[in-house]
Engineer: 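Okay, handing you the structure first.
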Amino acid sequence: VQLPQINKKLLVYLSAVAMILFAIAHLTLLKLLSVVFPGLMKKIHLKMGEKFTMTQNPKFKYEDWGPSFFSLAFIKTVLSVNWCSLGLEAFEGHAAPDTALFTLDGQKTSIHRFLKGNRPLLDEFKQLVKDFSDVADFLVVYLAEAHATDAWAFANNVDIKVHKTLEERLAAARTLVKEDPLCPVVVDEMTNITASKYGALPERLYVIQSGKVFYQGGIGPWGYNPEEVRKVLEKIK
């Protein structure tokens with residue numbers, strides 16, 4: 001049974017409020033534990049890190065990312081991401097928003113131009129591209145930088161600042177292209193319209209079929225699950 005779109009929008013608002021309250025409560029609890037039981041706090045924090053693979057990334061030590069969760073920049077990021085998500089219009093079974101994008105050479109395009117039949121992170125995603133390129137066209141939309149060095153940043157991460165112009169966003173996207181995602185890479189407008197209508201910050205996976213949202217993944221990093229996309233594409237194949 002599909003919920004009416006107006007009810008889904010209400011759920012978006014309620015989810016955003018709940019997420020903000022949860023983040024603040026979680027941060028407060030961890031901060032208290034860091035004073036009373038610092039060892040326990042770090043153990044819990046590392047367990048959280050496992051869920052979004054931070055502890056598996058050889059580039060990062062706990063000291064690189066752990067303290068950033070206690071910063072004002074983290075709270076600002078939570079508020080910004082959830083504010084952006086209030087514009088979510090992409091719901092399973094409903095029309096997929098055809099938001100404006102830019103190719104890396106600065107040409108304006110849109111989501112629907114990359115749908116199968118309409119057009120002439122990463123290791124798991126690349127494997128999906130290799131395995132299902134015969135049944136689906138893949139597209140990476142580069143959004144606002146999740147860990148900009150002048151916002152909520154991790155130590156020893158790539159040096160990318162908050163994008164102030166389209167040129168800066170295009171330059172940052174070219175850094176991603178160096179990782180060879182095996183599919184086209186485009187960037188969101190500076191209004192972040194795609195991130196908003198798809199509720200995609202900081203990252204999210206979608207499957208669009210015949211102009212409708214066939215699959216909507218969870219919000220990353222915890223909800224980012226390429227294996228779910230694999231199962232969906234296997235059914236289509």
Engineer: Answer yes or no: is there a side-chain heavy-atom contact under 4.5 Å between His94 and Val213?
Structural biologist: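 Result no, sub-4.5 Å side-chain heavy-atom pair not found.
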Engineer: If you group Ile, Leu, Val, Met, Phe, Trp and Tyr by side-chain heavy-atom gaps below 4.5 Å, do Leu205 and Val135 land in one group?
Structural biologist: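 Same cluster: Leu205 reaches Val135 through Ile, Leu, Val, Met, Phe, Trp or Tyr contacts under 4.5 Å.
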Engineer: Output all residues satisfying side-chain contact (heavy atoms from CB on, under 4.5 Å) with Phe37, sequence neighbours left out; order by chain, then residue number.
Structural biologist: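 Once residues adjacent in sequence are excluded, the partners of Phe37 under the side-chain contact (heavy atoms from CB on, under 4.5 Å) criterion are Leu33, Leu40.
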Engineer: Between the main-chain N or O of Gly199 and the side-chain N or O of Ser85, is there a donor-acceptor pair closer than 3.5 Å?
Structural biologist: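 No: the side chain of Ser85 does not pair with the backbone of Gly199.
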Engineer: Flag yes if more than 12 heavy atoms outside Met19 fall under 6.0 Å of its CE atom; otherwise flag no.
Structural biologist: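 Atom CE in Met19 is not packed in, count stays at 12 or less.
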Engineer: Is the backbone N or O of Ala195 less than 3.5 Å from a side-chain atom of Asp188, with the two atoms forming a donor-acceptor pair by type?
Structural biologist: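 Judged by distance alone, yes, a pair lies under 3.5 Å.
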Engineer: Side chain to side chain contact (heavy atoms under 4.5 Å, CB included), that's the test. Do Phe102 and Leu166 meet it? Break it down for me.
Structural biologist: CA-CA 9 Å; Phe102 286 92; Leu166 177 61; 3.8 Å; yes
Engineer: Among Asp137, Leu233, Ile236, which one satisfies side chain to side chain contact (heavy atoms under 4.5 Å, CB included) with Phe132?
Structural biologist: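 In the set Asp137, Leu233, Ile236, the residue that makes a side chain to side chain contact (heavy atoms under 4.5 Å, CB included) with Phe132 is Leu233.
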Engineer: Check whether Lys9 reaches the backbone of Glu89 with its side chain - one donor and one acceptor, N or O, closer than 3.5 Å.
Structural biologist: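 Pair absent, no side-chain N/O of Lys9 close to backbone of Glu89.
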Engineer: When you measure from the side chain of Gln107 to the backbone N and O of Thr103, does any donor-acceptor pair fall under 3.5 Å?
Structural biologist: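 The answer is no, because no donor-acceptor pair under 3.5 Å joins these two groups.
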Engineer: Just by distance, do the side chain of Gln216 and the backbone of Glu92 share a donor-acceptor pair under 3.5 Å?
Structural biologist: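 No; judged by distance alone, with no hydrogens or angles, the pair does not exist.
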Engineer: Decide if atom CZ of Phe214 counts as having more than 12 heavy atoms of other residues, nucleotides or ligands within a radius under 6.0 Å.
Structural biologist: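 Counting neighbours around CZ of Phe214, 12 or fewer heavy atoms of other residues, nucleotides or ligands fall under 6.0 Å, so no.
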Engineer: What pairs of residues pass the ring-ring contact (aromatic ring centres under 6.0 Å, His included) test when at least one of them lies in residues 159-182, not counting sequence neighbours?
Structural biologist: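 Of all non-adjacent pairs touching residues 159-182, those that pass ring-ring contact (aromatic ring centres under 6.0 Å, His included) are Tyr142-His163.
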Engineer: Applying the 4.5 Å side-chain criterion to the ILVMFWY set and letting contacts propagate, would Ile24 and Val17 be lumped into a single cluster?
Structural biologist: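 Ile24 does not cluster with Val17.
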Engineer: Please, which pairs that meet ring-ring contact (aromatic ring centres under 6.0 Å, His included) have at least one residue in residues 182-207, sequence neighbours excluded?
Structural biologist: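 ring-ring contact (aromatic ring centres under 6.0 Å, His included) check on residues 182-207 returns Tyr198-Tyr206.
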Engineer: Going by the angle between their ring planes, with limits at 30° and 60°, are His45 and Tyr62 parallel, tilted or perpendicular?
Structural biologist: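 Perpendicular: the ring planes of His45 and Tyr62 meet at over 60°.
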